[in-house]
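In what follows, a single structure is set out as structure tokens and then discussed.
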Amino acid sequence: MSRGVELDAFIVFFEPLEVGLAKRLLEFEASTLELFPLENSSLIRAARLLGDTDLTLALENLRAHLTEDRAKWIEIGARGYAVIDGRREYRPWRKNVYLSLEKLNSLEKLEPEVKYHAPG
């Protein structure tokens, strides 16, 4: 059995973004990007990022969307998992932490199995 953590993040934008722009702004190495379009539109309002990627880089990039006033809200965490019989079994979040933008800006790393929420 092996254990690890992966990025699990959700971002909501102030203004809808075109799909191409959203992809350029949000794609991280080795992460999966899920876009949530507005109904009957090619614009997206929110996105989810998942996967094995550099968590510090992901925190910096998502935090930038808040400080540059693109994002209304982010949730970001290091989701814990164990690989059992070749399948990933995800651990539940241990706690939710609600941060001001100032406290999010001073956050240096993501604690495993803690989901951080921050407004823009």
Side-chain angles (χ1 to χ4, degrees):
M1 177 172 65
S2 64
R3 295 179 182 272
V5 294
E6 69 177 22
L7 175 67
D8 187 344
F10 187 77
I11 183 168
V12 177
F13 295 98
F14 278 116
E15 297 295 325
L17 300 177
E18 293 179 353
V19 170
L21 176 60
K23 285 182 178 180
R24 283 192 305 278
L25 290 173
L26 295 172
E27 284 187 325
F28 296 77
E29 185 177 320
S31 68
T32 301
L33 177 62
E34 183 179 356
L35 301 175
F36 298 95
L38 296 172
E39 191 172 326
N40 300 320
S41 175
S42 62
L43 300 174
I44 65 130
R45 172 67 82 179
R48 186 170 187 205
L49 295 105
L50 302 164
D52 297 320
T53 190
D54 182 328
L55 297 175
T56 302
L57 177 63
L59 175 61
E60 290 172 11
N61 286 338
L62 289 171
R63 183 172 30 216
H65 291 294
L66 286 173
T67 58
E68 295 170 12
D69 294 327
R70 275 191 296 273
K72 180 190 229 179
W73 186 264
I74 66 168
E75 296 176 352
I76 184 170
R79 185 78 187 256
Y81 65 86
V83 178
I84 303 169
D85 296 328
R87 291 187 21 224
R88 278 192 183 184
E89 299 290 334
Y90 290 93
R91 298 183 45 84
W93 296 107
R94 287 185 296 116
K95 65 181 173 178
N96 288 292
V97 176
Y98 294 86
L99 302 172
S100 65
L101 183 55
E102 180 181 323
K103 287 189 178 184
L104 180 71
N105 283 334
S106 66
L107 186 66
E108 293 182 19
K109 67 178 190 168
L110 301 173
E111 185 178 333
E113 299 165 14
V114 173
K115 187 177 273 191
Y116 299 90
H117 308 261

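Please read these numbers as outputs of a predicted model, since none were measured by experiment.
- Distance check: Leu66 CG to Lys72 NZ gives 12.5 Å after rounding to the nearest 0.5 Å.
- Of all heavy-atom pairs between Val5 and Pro112, the closest is CG1-CB, 3.9 Å.
- With values rounded to the nearest 0.5 angstrom, Glu60 atom CD is found 11.0 Å from Asn105 atom CG.
- Heavy-atom minimum distance, Tyr116 versus Lys109: OH-O, 4.2 Å.
- In this structure, Glu34 CD and Phe10 CZ are separated by 8.5 Å, a value rounded to the nearest 0.5 Å.
- The closest donor-acceptor contact from the side chain of Arg70 to the backbone of Leu25 lies at 3.5 Å or more, if one exists at all.
- To the nearest 0.5 Å, atoms CD (Glu113) and OH (Tyr81) are separated by 12.0 Å.
- The two residues Arg88 and Asp52 make their nearest non-hydrogen contact at NH2-OD2, 2.7 Å.
- A distance of 7.5 Å separates CG in Leu35 from CG in Leu26, rounded to the nearest 0.5 Å.
- The main-chain N or O of Tyr90 is never found under 3.5 Å from a side-chain atom of Arg79 such that the two would form a donor-acceptor pair.
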Result block: side-chain N/O donor-acceptor pairs under 3.5 angstrom for residues 14-23, not counting sequence neighbours:
none

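- For the pair Glu111 and Val97, the minimum side-chain heavy-atom distance is 4.5 Å or more.
- The side chain to side chain contact (heavy atoms under 4.5 Å, CB included) test with Leu7 singles out one residue from Leu57, Leu50, Ile76, Leu59, and that residue is Ile76.
- Using a 4.5 Å heavy-atom cutoff, the side chains of Phe36 and Arg48 are in contact.
- In this structure, Val114 is a member of the same hydrophobic cluster as Ile11, with clusters built from ILVMFWY side-chain heavy atoms closer than 4.5 Å.
- In this structure, CD in Glu6 is found 11.5 Å from CG in Leu49, a value given to the nearest 0.5 Å.
- Residues Phe13 and His65 approach most closely at CE2-ND1, 4.5 Å, considering heavy atoms.
- Closest of all the heavy-atom pairs between Pro119 and Leu99 is CD-O, 3.1 Å.
- For Arg45 against Leu38, the heavy-atom pair with the smallest separation is CB-CD2, 3.7 Å.
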